[in-house]
Amino acid sequence: MGSDSPDPIELDSLTKYYGDVRGVESLSFTVERGESFGFLGPNGAGKSTAIRVLLGLLKPTEGTASLMGRDVTDRNELRDAKRHLGYLPSDVAFYDRVTGADVLDHFGRLRGDVRREELLERFPVPLDRNVKAYSSGNRQKLAIVAAFMHEPDLAIMDEPTAGLDPLVQNEFYELLAERRDAGRTSFFSSHILSEVRRVCDRVGIIRNGRLIELDTVENILAEGGTIATVRLAEEPPAAALEFEGVARVDRRDGEYRLVLAREFDALIDRLHEYTVLEMEVREASIEDVFMHFYGGGDEGGADFEATEGDTEP
Ligand SMILES: Nc1ncnc2c1ncn2[C@@H]1O[C@H](COP(=O)(O)OP(=O)(O)OP(=O)(O)O)[C@@H](O)[C@H]1O
(Lines give C-alpha, C1' and ligand atoms only; values in the text may rest on other atoms or scores of the structure.)
Protein backbone atom coordinates (compact mmCIF):
# COMPACT_ATOMS: atom_id res chain seq x y z
CA MET A 1 0.00 0.00 0.00
CA GLY A 2 1.14 3.51 -0.70
CA SER A 3 2.25 5.66 2.19
CA ASP A 4 -0.58 8.05 1.36
CA SER A 5 -3.28 5.55 2.24
CA PRO A 6 -4.99 6.78 5.41
CA ASP A 7 -4.77 4.93 8.71
CA PRO A 8 -7.70 2.55 9.23
CA ILE A 9 -8.58 4.09 12.62
CA GLU A 10 -7.62 7.44 14.02
CA LEU A 11 -8.88 8.98 17.24
CA ASP A 12 -7.76 12.48 18.09
CA SER A 13 -8.58 13.90 21.54
CA LEU A 14 -11.85 12.02 21.42
CA THR A 15 -14.09 12.86 24.35
CA LYS A 16 -17.61 11.57 24.94
CA TYR A 17 -19.77 12.44 27.92
CA TYR A 18 -23.23 11.07 28.57
CA GLY A 19 -24.55 14.13 30.35
CA ASP A 20 -22.22 14.31 33.35
CA VAL A 21 -21.01 10.74 32.98
CA ARG A 22 -17.64 10.35 31.31
CA GLY A 23 -17.49 7.75 28.55
CA VAL A 24 -14.02 8.51 27.18
CA GLU A 25 -11.74 11.49 27.69
CA SER A 26 -9.06 12.88 25.34
CA LEU A 27 -8.50 9.55 23.67
CA SER A 28 -5.88 9.69 20.92
CA PHE A 29 -4.36 6.78 19.04
CA THR A 30 -3.94 5.40 15.57
CA VAL A 31 -4.41 1.86 14.36
CA GLU A 32 -2.13 1.19 11.42
CA ARG A 33 -2.81 -0.75 8.31
CA GLY A 34 -2.37 -4.51 8.73
CA GLU A 35 -2.31 -4.41 12.52
CA SER A 36 -4.20 -6.66 14.89
CA PHE A 37 -4.94 -4.21 17.68
CA GLY A 38 -6.36 -5.17 21.06
CA PHE A 39 -8.43 -2.63 22.96
CA LEU A 40 -8.40 -3.56 26.62
CA GLY A 41 -9.68 -2.19 29.87
CA PRO A 42 -11.82 -3.00 32.91
CA ASN A 43 -15.62 -2.92 32.78
CA GLY A 44 -16.87 0.59 32.30
CA ALA A 45 -13.49 1.86 31.05
CA GLY A 46 -14.98 3.27 27.85
CA LYS A 47 -14.23 0.63 25.19
CA SER A 48 -17.78 0.30 23.88
CA THR A 49 -18.17 4.06 23.92
CA ALA A 50 -15.14 4.49 21.65
CA ILE A 51 -16.35 1.71 19.35
CA ARG A 52 -19.84 3.21 19.14
CA VAL A 53 -18.40 6.59 18.21
CA LEU A 54 -16.30 4.91 15.50
CA LEU A 55 -19.43 3.31 14.06
CA GLY A 56 -21.22 6.64 13.96
CA LEU A 57 -23.72 5.52 16.62
CA LEU A 58 -22.68 8.20 19.11
CA LYS A 59 -21.61 11.77 18.48
CA PRO A 60 -18.33 12.88 20.09
CA THR A 61 -18.58 15.60 22.72
CA GLU A 62 -15.16 16.82 21.55
CA GLY A 63 -12.36 15.61 19.31
CA THR A 64 -12.50 13.57 16.13
CA ALA A 65 -12.69 9.97 14.99
CA SER A 66 -12.04 8.67 11.50
CA LEU A 67 -12.20 5.37 9.66
CA MET A 68 -9.85 5.06 6.67
CA GLY A 69 -9.53 8.81 6.62
CA ARG A 70 -13.29 9.43 6.63
CA ASP A 71 -14.82 11.52 9.39
CA VAL A 72 -17.37 9.32 11.14
CA THR A 73 -19.59 12.28 12.02
CA ASP A 74 -20.19 12.98 8.33
CA ARG A 75 -23.00 10.75 7.04
CA ASN A 76 -21.69 10.38 3.51
CA GLU A 77 -18.12 9.76 4.58
CA LEU A 78 -19.31 7.22 7.15
CA ARG A 79 -21.36 5.37 4.54
CA ASP A 80 -18.32 5.26 2.30
CA ALA A 81 -16.10 3.92 5.11
CA LYS A 82 -18.62 1.26 6.08
CA ARG A 83 -18.27 -0.45 2.72
CA HIS A 84 -14.76 -1.45 3.77
CA LEU A 85 -15.70 -2.26 7.34
CA GLY A 86 -16.82 -5.45 9.07
CA TYR A 87 -18.41 -5.00 12.48
CA LEU A 88 -18.96 -7.71 15.03
CA PRO A 89 -20.95 -6.52 18.05
CA SER A 90 -20.81 -8.10 21.50
CA ASP A 91 -24.57 -8.65 21.70
CA VAL A 92 -25.64 -9.90 18.33
CA ALA A 93 -29.24 -9.01 17.53
CA PHE A 94 -31.05 -9.49 14.23
CA TYR A 95 -34.57 -8.66 13.22
CA ASP A 96 -36.56 -11.65 14.35
CA ARG A 97 -38.75 -12.47 11.39
CA VAL A 98 -36.02 -13.37 8.96
CA THR A 99 -33.96 -16.45 8.21
CA GLY A 100 -30.18 -16.63 8.38
CA ALA A 101 -30.10 -16.65 4.57
CA ASP A 102 -32.17 -13.42 4.51
CA VAL A 103 -29.66 -11.74 6.81
CA LEU A 104 -26.72 -12.71 4.60
CA ASP A 105 -28.59 -11.74 1.42
CA HIS A 106 -29.26 -8.31 2.92
CA PHE A 107 -25.64 -7.62 3.85
CA GLY A 108 -24.43 -9.22 0.62
CA ARG A 109 -26.46 -6.74 -1.42
CA LEU A 110 -25.06 -3.83 0.59
CA ARG A 111 -21.39 -4.75 0.62
CA GLY A 112 -20.67 -7.95 -1.30
CA ASP A 113 -20.22 -11.57 -0.25
CA VAL A 114 -17.19 -13.12 -1.97
CA ARG A 115 -16.40 -15.37 1.00
CA ARG A 116 -19.96 -16.32 1.94
CA GLU A 117 -19.89 -20.01 1.02
CA GLU A 118 -16.42 -20.64 2.38
CA LEU A 119 -17.22 -18.95 5.70
CA LEU A 120 -20.51 -20.82 6.01
CA GLU A 121 -18.58 -24.07 5.73
CA ARG A 122 -16.31 -22.97 8.55
CA PHE A 123 -19.06 -21.39 10.67
CA PRO A 124 -22.12 -23.45 9.79
CA VAL A 125 -25.59 -22.22 10.81
CA PRO A 126 -29.14 -23.42 10.01
CA LEU A 127 -29.62 -20.94 7.16
CA ASP A 128 -33.28 -21.72 6.47
CA ARG A 129 -34.37 -21.27 10.06
CA ASN A 130 -35.73 -18.07 11.54
CA VAL A 131 -32.94 -16.28 13.43
CA LYS A 132 -35.29 -16.03 16.40
CA ALA A 133 -34.85 -19.78 16.88
CA TYR A 134 -31.04 -19.54 16.76
CA SER A 135 -28.94 -20.43 19.75
CA SER A 136 -26.68 -17.60 20.89
CA GLY A 137 -23.66 -19.45 19.44
CA ASN A 138 -25.38 -19.72 16.04
CA ARG A 139 -26.32 -16.04 16.16
CA GLN A 140 -22.68 -15.25 16.79
CA LYS A 141 -21.54 -17.46 13.91
CA LEU A 142 -24.03 -15.85 11.56
CA ALA A 143 -22.71 -12.46 12.65
CA ILE A 144 -19.15 -13.61 11.87
CA VAL A 145 -20.12 -14.66 8.36
CA ALA A 146 -22.01 -11.39 7.85
CA ALA A 147 -19.09 -9.31 9.15
CA PHE A 148 -16.36 -11.01 7.12
CA MET A 149 -17.94 -12.29 3.92
CA HIS A 150 -17.12 -9.10 2.00
CA GLU A 151 -13.45 -9.40 3.00
CA PRO A 152 -13.36 -6.01 4.73
CA ASP A 153 -10.10 -4.06 4.96
CA LEU A 154 -10.95 -3.19 8.55
CA ALA A 155 -12.80 -5.27 11.13
CA ILE A 156 -14.03 -3.78 14.41
CA MET A 157 -15.06 -6.32 17.01
CA ASP A 158 -16.47 -5.91 20.50
CA GLU A 159 -15.50 -8.98 22.56
CA PRO A 160 -15.89 -11.22 19.54
CA THR A 161 -15.30 -14.62 21.11
CA ALA A 162 -17.55 -14.26 24.15
CA GLY A 163 -20.05 -17.13 23.96
CA LEU A 164 -18.27 -19.18 21.30
CA ASP A 165 -17.36 -22.79 22.02
CA PRO A 166 -13.62 -23.60 21.91
CA LEU A 167 -13.68 -25.16 18.42
CA VAL A 168 -15.46 -22.19 16.90
CA GLN A 169 -13.17 -19.87 18.83
CA ASN A 170 -10.17 -21.59 17.25
CA GLU A 171 -11.65 -21.29 13.78
CA PHE A 172 -12.22 -17.62 14.47
CA TYR A 173 -8.56 -17.12 15.50
CA GLU A 174 -7.59 -18.82 12.23
CA LEU A 175 -9.70 -16.29 10.37
CA LEU A 176 -7.97 -13.43 12.19
CA ALA A 177 -4.56 -14.94 11.38
CA GLU A 178 -5.49 -15.09 7.68
CA ARG A 179 -6.51 -11.45 7.82
CA ARG A 180 -3.21 -10.52 9.37
CA ASP A 181 -1.29 -12.49 6.70
CA ALA A 182 -3.30 -10.69 4.01
CA GLY A 183 -2.39 -7.28 5.49
CA ARG A 184 -5.90 -6.49 6.70
CA THR A 185 -6.59 -4.59 9.89
CA SER A 186 -8.38 -5.96 12.94
CA PHE A 187 -9.41 -3.97 16.00
CA PHE A 188 -11.09 -5.65 18.91
CA SER A 189 -11.91 -5.32 22.57
CA SER A 190 -11.26 -8.31 24.76
CA HIS A 191 -11.04 -9.54 28.32
CA ILE A 192 -9.39 -12.82 27.37
CA LEU A 193 -5.66 -12.59 27.84
CA SER A 194 -4.69 -15.79 26.05
CA GLU A 195 -6.55 -14.38 23.05
CA VAL A 196 -4.75 -11.05 23.29
CA ARG A 197 -1.37 -12.76 23.40
CA ARG A 198 -2.26 -15.05 20.52
CA VAL A 199 -3.83 -12.52 18.22
CA CYS A 200 -2.64 -8.97 18.91
CA ASP A 201 0.39 -7.12 17.60
CA ARG A 202 -0.29 -4.07 19.69
CA VAL A 203 -2.61 -3.13 22.52
CA GLY A 204 -4.12 0.02 23.90
CA ILE A 205 -5.26 -0.14 27.51
CA ILE A 206 -7.91 2.25 28.72
CA ARG A 207 -8.97 2.96 32.26
CA ASN A 208 -11.48 5.53 33.48
CA GLY A 209 -11.95 6.71 29.90
CA ARG A 210 -8.26 7.47 29.30
CA LEU A 211 -5.53 5.64 27.45
CA ILE A 212 -2.93 4.44 29.98
CA GLU A 213 -0.75 2.21 27.79
CA LEU A 214 -0.09 1.75 24.09
CA ASP A 215 2.60 -0.68 23.02
CA THR A 216 3.33 -3.99 21.35
CA VAL A 217 2.39 -7.09 23.30
CA GLU A 218 6.02 -8.15 22.97
CA ASN A 219 7.34 -4.98 24.63
CA ILE A 220 4.76 -5.04 27.38
CA LEU A 221 5.63 -8.64 28.19
CA ALA A 222 9.37 -7.94 28.00
CA GLU A 223 8.98 -5.20 30.59
CA GLY A 224 7.09 -7.58 32.85
CA GLY A 225 10.33 -9.15 34.04
CA THR A 226 10.68 -12.28 36.08
CA ILE A 227 8.53 -13.51 38.94
CA ALA A 228 10.24 -15.33 41.78
CA THR A 229 8.20 -17.07 44.46
CA VAL A 230 10.14 -18.19 47.53
CA ARG A 231 9.20 -19.92 50.75
CA LEU A 232 11.65 -19.44 53.58
CA ALA A 233 12.08 -21.17 56.92
CA GLU A 234 12.44 -17.73 58.48
CA GLU A 235 10.01 -14.86 58.10
CA PRO A 236 11.97 -11.71 57.34
CA PRO A 237 9.94 -8.53 56.82
CA ALA A 238 9.11 -8.08 53.11
CA ALA A 239 11.31 -4.98 53.14
CA ALA A 240 14.34 -7.22 53.73
CA LEU A 241 13.90 -8.56 50.19
CA GLU A 242 13.63 -5.15 48.59
CA PHE A 243 16.96 -4.55 46.91
CA GLU A 244 18.15 -3.22 43.60
CA GLY A 245 16.45 -4.99 40.71
CA VAL A 246 13.32 -5.87 42.71
CA ALA A 247 10.36 -3.89 41.47
CA ARG A 248 7.94 -5.22 44.03
CA VAL A 249 7.61 -7.70 46.90
CA ASP A 250 4.36 -9.19 48.17
CA ARG A 251 4.10 -11.54 51.08
CA ARG A 252 1.20 -13.93 51.20
CA ASP A 253 0.61 -17.18 53.13
CA GLY A 254 4.25 -17.37 54.17
CA GLU A 255 5.43 -16.96 50.57
CA TYR A 256 7.26 -14.02 49.07
CA ARG A 257 6.48 -13.04 45.53
CA LEU A 258 9.06 -10.80 43.92
CA VAL A 259 8.84 -9.03 40.60
CA LEU A 260 12.40 -8.76 39.33
CA ALA A 261 14.22 -7.27 36.42
CA ARG A 262 15.52 -10.01 34.14
CA GLU A 263 18.62 -10.71 36.25
CA PHE A 264 18.15 -12.59 39.48
CA ASP A 265 21.73 -13.15 40.65
CA ALA A 266 21.18 -10.51 43.33
CA LEU A 267 18.22 -12.47 44.65
CA ILE A 268 20.28 -15.65 44.92
CA ASP A 269 22.96 -13.71 46.85
CA ARG A 270 20.42 -12.23 49.20
CA LEU A 271 18.72 -15.57 49.83
CA HIS A 272 22.00 -17.00 51.16
CA GLU A 273 21.07 -15.35 54.43
CA TYR A 274 17.98 -17.58 54.75
CA THR A 275 16.92 -21.20 54.53
CA VAL A 276 15.07 -21.60 51.25
CA LEU A 277 12.35 -24.27 51.47
CA GLU A 278 10.90 -23.74 48.01
CA MET A 279 11.62 -21.49 45.10
CA GLU A 280 10.14 -20.98 41.65
CA VAL A 281 11.35 -18.53 39.03
CA ARG A 282 9.38 -17.87 35.86
CA GLU A 283 8.80 -15.24 33.21
CA ALA A 284 5.95 -12.90 34.02
CA SER A 285 2.75 -14.15 32.39
CA ILE A 286 0.53 -11.83 30.43
CA GLU A 287 -1.83 -11.83 33.43
CA ASP A 288 0.90 -10.70 35.83
CA VAL A 289 1.77 -7.86 33.51
CA PHE A 290 -1.68 -6.65 32.54
CA MET A 291 -3.13 -6.82 36.05
CA HIS A 292 -0.71 -4.07 36.90
CA PHE A 293 -2.60 -1.74 34.55
CA TYR A 294 -5.96 -2.80 35.92
CA GLY A 295 -5.35 -2.76 39.65
CA GLY A 296 -6.21 0.12 41.96
CA GLY A 297 -8.65 1.94 39.71
CA ASP A 298 -11.68 3.63 41.18
CA GLU A 299 -13.88 1.50 38.97
CA GLY A 300 -13.11 -1.81 40.55
CA GLY A 301 -10.51 -4.45 40.12
CA ALA A 302 -9.45 -6.84 37.48
CA ASP A 303 -12.06 -8.42 35.28
CA PHE A 304 -9.90 -10.36 32.90
CA GLU A 305 -11.08 -13.79 32.09
CA ALA A 306 -8.25 -16.19 32.85
CA THR A 307 -7.85 -19.32 30.80
CA GLU A 308 -5.42 -22.12 31.25
CA GLY A 309 -3.01 -20.77 28.70
CA ASP A 310 -2.66 -17.51 30.60
CA THR A 311 -0.97 -19.10 33.55
CA GLU A 312 1.86 -20.59 31.57
CA PRO A 313 5.19 -18.82 31.77
N1 LIG B 1 -25.91 5.19 27.36
C2 LIG B 1 -25.21 5.56 28.43
N3 LIG B 1 -25.68 6.50 29.28
C4 LIG B 1 -24.96 6.91 30.35
N5 LIG B 1 -23.73 6.42 30.66
C6 LIG B 1 -23.22 5.47 29.86
C7 LIG B 1 -23.91 4.99 28.71
N8 LIG B 1 -23.14 4.06 28.10
C9 LIG B 1 -22.01 3.97 28.84
N10 LIG B 1 -22.05 4.82 29.90
C11 LIG B 1 -21.00 5.01 30.92
O12 LIG B 1 -19.79 5.33 30.25
C13 LIG B 1 -18.68 4.69 30.88
C14 LIG B 1 -17.96 3.81 29.85
O15 LIG B 1 -18.79 2.71 29.51
P16 LIG B 1 -18.49 1.70 28.32
O17 LIG B 1 -19.70 0.85 28.13
O18 LIG B 1 -17.97 2.43 27.16
O19 LIG B 1 -17.31 0.82 28.96
P20 LIG B 1 -16.65 -0.56 28.46
O21 LIG B 1 -15.19 -0.37 28.60
O22 LIG B 1 -17.17 -0.94 27.14
O23 LIG B 1 -17.14 -1.59 29.56
P24 LIG B 1 -17.44 -3.19 29.45
O25 LIG B 1 -16.11 -3.88 29.47
O26 LIG B 1 -18.19 -3.42 30.73
O27 LIG B 1 -18.26 -3.44 28.24
C28 LIG B 1 -19.25 3.90 32.07
O29 LIG B 1 -19.13 4.71 33.21
C30 LIG B 1 -20.71 3.74 31.69
O31 LIG B 1 -21.50 3.65 32.84
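Whatever order the structure lists them in is the order used to number ligands and atoms, beginning at 1. Everything numeric in this text was worked out from a predicted model, so none of it was measured. Counting from 1, the numbers follow the sequence of the chain as shown.
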Which one holds for P42 and ligand 1: side chain close, backbone close, both close, or neither close, with close meaning a heavy atom under 4.0 Å?
-> backbone
What are the atoms of ligand 1, with element, lying closer than 4.0 Å to any heavy atom of H191?
-> 25 (O)
Nearest option to atom 27 (O) of ligand 1, as decided by whichever heavy atom of S48, G209, A45 sits closest = S48
Can a non-hydrogen atom of R22 be found less than 4.0 Å from any atom of ligand 1?
-> yes
Check: T30 side chain, E10 main-chain N or O, donor-acceptor pair, under 3.5 Å = no
From the options G44, S189, G46, select the one whose nearest heavy atom is closest to atom 23 (O) of ligand 1.
-> G44
Judged by atom type as modelled, is there a donor-acceptor pair below 3.5 Å linking the side chain of D102 to the main-chain atoms of T99?
-> yes
Residue list, salt bridge (charged side-chain N to carboxylate O under 4.0 Å, His left out) with R257, at least two apart or on another chain | D250, D288
Mind telling me whether F29 and F187 have parallel, tilted or perpendicular rings, with 30° and 60° as the class edges?
-> parallel
Interfacing atoms of ligand 1 (cut-off 4.0 Å, heavy-atom, N43) = 23 (O), 24 (P), 25 (O), 26 (O)
Hey, which of E174, E178, E117 is the one that makes salt bridge (Lys or Arg N to Asp or Glu O under 4.0 Å) with R122?
-> E178
Just jot down the ligand 1 atoms closer than 4.0 angstrom to any heavy atom of T49, in number order.
-> 14 (C), 15 (O), 16 (P), 18 (O)
Euclidean distance, L67 CG relative to E77 CD, rounded to 0.5 Å | 10.5 Å
